[in-house]
Amino acid sequence: VSIVPGSLATLATIAREATRAHRYALITDDTVRGLLAAKALASFAPDDVTVLSVAPGEEHKTRETWARLTDALLAAGHGRDSAIIALGGGVIGDVAGFVAATYMRGVPVVQVPTTLLAMIDASIGGKTGVDTPMGKNLVGAFHRPAAVVIDPDVLASLPVPLLRAGFAEAIKHGVIADARYFDMVAGHVSRIAAPDGPPPAALHAVILGSVRIKAAVVREDEREGNLRHILNFGHTIGHAVEARSGFRLLHGEAVAIGMVLEARLAERIGVAATGTAAEVHRVVSAAGLPTAVPAGMEADAIIDTMHADKKSRRGELQFALPAEIGRMAGARTQWTVSVAAEEVRAILSR
Ligand SMILES: NC(=O)c1ccc[n+]([C@@H]2O[C@H](COP(=O)([O-])OP(=O)(O)OC[C@H]3O[C@@H](n4cnc5c(N)ncnc54)[C@H](O)[C@@H]3O)[C@@H](O)[C@H]2O)c1
Ligand SMILES: [Zn+2]
């Protein structure tokens, strides 16, 4: 993983070293293509790269898009000596990564994330896949990237709500693993919406800190089973709220709400130190992220959605909960804490 301002312009060198490929397919979406493809392609010989673009949006993270991209690669004659370059947000990273995982039984992928969420979360850990009408991310594969190329300069064009949504995951990383990192992120959130955005050095430090935490968790998970579960903090309630909103809330916005409520839940059932929830609330709010369930969304509906989710059994729900800022509870129970649905209802109904 490299985090170097301006590195997009030297992509060919990094890709060649990491993949040893002779041909490349750059997969992107129509928005990112207009903004960044020229810079990303500048260092390649034009004949070495096929550019494939899909319409932007989660609704295109499908098997149909996977099939269309795969067919286009076959038609262009790409063989086993090809590599995929995924230039875009998490949607492109997931679908292009899945194309790479399956094309000719697997070719290398270079992830070039262009949203903050993709830089600090989606591009790290090797999960790829697509959505189906039955739910998100239900079909996919683990496929580790040959390289992850992060150029923080590309965030200059990212709309503020998407920058905020990325910061939600950075806050999460602080809560689950590192109190000092949490404080650092907290110190920068007030400038997310400033006219010139957070200072480049601050963004750089946030990306670096988050990548380190996520990479350490997924690496450790391979030895110590299930540490990955801690990454679900804020996501049990968050996913349900996101789904109940009809996906009008951004993922990061829903996770922000989920973190506030799950921290409160952790204090209520006595696993978190007093003050943990107030601290999470303070920073989420300072980031301009929502801290409460949208008006009109019923607690029962949210709980039903959580039960329907794969992470839960009847009558009780599984959570990744903090013990304090920087440390998670549940070390002896595979980092999941079982909570009676009644306790969850009490938090959601306040
Ligand atoms: N694989 C994983 O481990 C993992 C982890 C977290 C999330 N995800 C997935 O990531 C996806 C969400 O990612 P996302 O939030 O990046 O969404 P996204 O890929 O849809 O990008 C959001 C929007 O930003 C635009 N965009 C991207 N870069 C830009 C830039 N630099 N400037 C201006 N606009 C830009 C895109 O065109 C898109 O419209 C979800 O599908 C989620 O499931 C995967
Ligand atoms: Zn998330």
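Order of listing sets the numbers, starting from 1, for every ligand and every atom in it. Everything numeric in this text was worked out from a predicted model, so none of it was measured.
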Pick out which of Thr102, Thr128, Asp71, Asp94 makes a side-chain hydrogen bond (donor to acceptor under 3.5 Å, both in side chains) with Trp66. Thr102
Contact (N/O only, under 3.5 Å) between Leu117 and ligand 1: no
Hey, is Leu155 one of the residues with a heavy atom under 4.0 angstrom from ligand 1? no
Check each atom of ligand 1 against the heavy atoms of Val32 and keep those under 4.0 Å away; list them by number with element. 26 (N), 27 (C), 28 (N), 37 (O)
What does the angle at the Zn ion (ligand 2) come to, between atom OE2 of Glu169 and atom NE2 of His235, rounded to 10°? 110°
In sequence, state the C-alpha distance, the side-chain angles, and the governing distance for Asp48 and Arg23, and then conclude on salt bridge (charged side-chain N to carboxylate O under 4.0 Å, His left out). CA-CA 5 Å; Asp48 291 352; Arg23 284 181 76 193; over 6 Å; no
Under a 4.0 angstrom heavy-atom cut-off, which atoms of ligand 1 come close to Lys61? 40 (C), 41 (O), 42 (C), 43 (O)
Report the name of the N/O/S atom of His251 located nearest to the Zn ion (ligand 2). NE2
Which one holds for Asp94 and ligand 1: side chain close, backbone close, both close, or neither close, with close meaning a heavy atom under 4.0 Å? side chain
Does the residue Lys214 have a heavy-atom contact with ligand 1, meaning some pair of atoms that are separated by less than 4.0 Å? yes
Cut-off 3.5 Å, side chains only: do Arg244 and Thr305 have a donor facing an acceptor? yes
Under 3.5 Å between some N or O of ligand 1 and some N or O of Thr128? no
Just to check, does His251 reach to within less than 4.0 Å of ligand 1 when the distance is taken from its heavy atoms? no
